[in-house]
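Whatever order the structure lists them in is the order used to number ligands and atoms, beginning at 1. If you read the sequence from its start, that first residue is 1, and numbering goes on from there.
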Amino acid sequence: MKIHEYQSKELFKKYNVPIPEGGIAFTADEATAVAEKLGSFPVVVKAQIHAGGRGKGGGVKLANSAEEAKRLADEIIGMNLVTHQTGPEGRLVKKVLVEQGLNIEKELYLSIIPDRATAKVVIMASEAGGMDIEEVAAKTPEKIIRIHINPLLGIQGYHCREAGFGLNLSPPAMKLFQPMLRNLYNLFMNCDCSLLEINPLVITKEETVIALDAKINFDDNAMFRHKDILEYRDLDEEDPLEIEASKYNLNYINLDGNVGNMVNGAGLAMATMDIIKRSGAEPANFLDVGGGASAEMVENGFKIILSDENVKGILINIFGGILRCDVLAQGVVEAAKKTGINVPVVVRMEGTNVDEGQKILSESGLKLISAVDLKDAAQKVAEIVN
Ligand code: GDP
Ligand code: MN
């Protein structure tokens, strides 16, 4: 789960991580009020969307008066912000964070992520922070330092010092940075984060250290134990079909192609997407209905695929195990009756009760195309959409 910068900063505040003064605004008038309350200028008006690269896309602007803050907020709220992370379609901005402008001396990069390869938590830091960090990573990766922490032992003083020295901090900054890093690590662990990133972490002319940006992602599988963080979920930022799917506990991800597909099991779904691509077509989604799906779940999954306007053909690939082929067939027939199938559907079924399943499908009166195996199914659906 992703949250907004202003929400991440609320968490920072709880963990005593320094952030600029500021407030969230949903309208230009609210933005003016925040700017007036801050009292000194410049203030920064920042678009709040679940994507980075806002600065380069025109979503972060400095204002030298409350009137200017109002004008900028008016401009940014309602704009379709396109950044390298939103894709060409961009994102509609619904709110802005108005913050005290800082006297920036230096922009650093700092992040914490789990490292699968070493099964440790890794702190990444760079002196060359700011809006071009991707370029730094690509061209001068040696400028990024990595510090591995054994999660069972936790963060130690020497980790903090190593990070601080790696960032070339001055003694006063070093003093502020060490407890800050500890607090960030604790936040990362306590809240089951999958990413915590500050870019830039700013050293001010006054030699203070402040998180100027804040990005946190959470492990969805742990959200059941963080009801307070779940409150931060912003459905405006999520794909409507994915929200619908999450209501039914379906593992669905919307993609760019036009072949809808429904599969039982995540691994089989990945393999199915691969074979769709190999056959020269593009998957419109990832959908794992799960090993133990009911007819109702199949029905809901099918409905979600059908409501995606980009879908020009559907491939159902089921290996009947716990989810029996007859249960699947029933679900498909029910969904088709209720929603009506408006695109060709290729079915490949194998496994438990396959004969009963085939019988239900063939007696349903639906126009389904059956396939002998997965390769055949993928080729048939690719032919249809192409
Ligand atoms: P992002 O582009 O989405 O990562 O948004 P950031 O919050 O990182 O802001 C982008 C850039 O705007 C930063 O790297 C800064 O250079 C600039 N910026 C943001 N806030 C301030 C501020 O208070 N003062 C100044 N001078 N620049 C700022
Ligand atoms: Mn940033």
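- Judged purely by atom type and a 3.5 angstrom limit, T140 has no side-chain atom pairing as donor or acceptor with the backbone of E142.
- Because the distance cut-off is set at 2.8 Å, N199 qualifies as a neighbour of the Mn ion (ligand 2) through one of its N, O or S atoms.
- When each atom of ligand 1 is checked for a heavy atom of M131 under 4.0 Å away, the hits are 10 (C), 11 (C), 14 (O).
- No path of Ile, Leu, Val, Met, Phe, Trp and Tyr side chains, each step under 4.5 Å between heavy atoms, connects L187 with I113, placing them in separate hydrophobic clusters.
- Regarding atom 18 (N) of ligand 1, its nearest protein heavy-atom neighbour is L212 CD2, 4.0 Å.
- Considering backbone and side-chain atoms together, E5 places no N or O closer than 3.5 Å to any N or O of ligand 1.
- With respect to atom 26 (N) of ligand 1, the closest heavy atom belonging to the protein is I104 CD1, 3.8 Å.
- Panel note: side chain E67, backbone N64; no donor-acceptor pair is recorded below 3.5 Å.
- Protein heavy atom in closest approach to atom 12 (O) of ligand 1: V60 CG1, 3.7 Å.
- In terms of hydrophobic clustering, with Ile, Leu, Val, Met, Phe, Trp and Tyr side chains grouped at heavy-atom distances under 4.5 Å, V60 and V93 are assigned to different clusters.
- The proximity of T83 to ligand 1, defined as any non-hydrogen pair under 4.0 Å, does not occur for either the backbone or the side chain.
- No side-chain donor-acceptor contact under 3.5 Å links K106 to the backbone of E127.
- Note: no N/O pair closer than 3.5 Å links K56 and ligand 1 by distance alone.
- Distance alone, capped at 3.5 Å, places no donor-acceptor pair between the E107 side chain and the P200 backbone.
- The protein reaches atom 15 (C) of ligand 1 closely, with a heavy atom under 4.0 angstrom from it.
- Side chain of N103 to backbone of T204: no donor-acceptor contact under 3.5 angstrom is found.
- A donor-acceptor pair is defined here as one N or O able to donate and one able to accept, closer than 3.5 Å; no such pair exists between the side chain of K215 and the backbone of I3.
- Looking at E107 against ligand 1, only its side chain comes within 4.0 Å, counting heavy atoms.
- Residue V44 has at least one heavy-atom neighbour below 4.0 Å for each of these atoms of ligand 1: 20 (N), 21 (C), 22 (C), 23 (O).
- Applying the 4.0 Å criterion to heavy atoms of G101 picks out, from ligand 1, the atoms 23 (O).
- Here the protein heavy atom with the shortest distance to atom 23 (O) of ligand 1 is L102 N, 2.9 Å.
- Scanning all protein heavy atoms for the shortest distance to atom 4 (O) of ligand 1 gives D213 OD2, 3.0 Å.
- Residue contact check: K46 has heavy atoms under 4.0 Å from atoms 6 (P), 7 (O) of ligand 1.
- Of the possible donor and acceptor atoms, one in the side chain of H159 sits under 3.5 Å from a partner among the backbone N and O of Q156.
- Between L102 and I210, the closest side-chain pair of non-hydrogen atoms falls below 4.5 Å.
- Within a 6.0 Å sphere centred on CD of Q85, other residues, nucleotides and ligands contribute more than 12 heavy atoms.
- Closest to the Mn ion (ligand 2) among the N, O or S atoms of D213 is OD2.
- When each atom of ligand 1 is checked for a heavy atom of R54 under 4.0 Å away, the hits are 1 (P), 2 (O), 3 (O), 5 (O), 6 (P), 7 (O).
- Remark: ligand 1 and L62 share no N or O pair separated by less than 3.5 Å (distance only, no angle test).
- Under a 4.0 Å criterion applied to the non-hydrogen atoms of G55, ligand 1 contributes the atoms 1 (P), 2 (O), 3 (O).
- When all heavy atoms are compared, the tightest approach of D213 to R54 is OD1-NH2, 3.1 Å.
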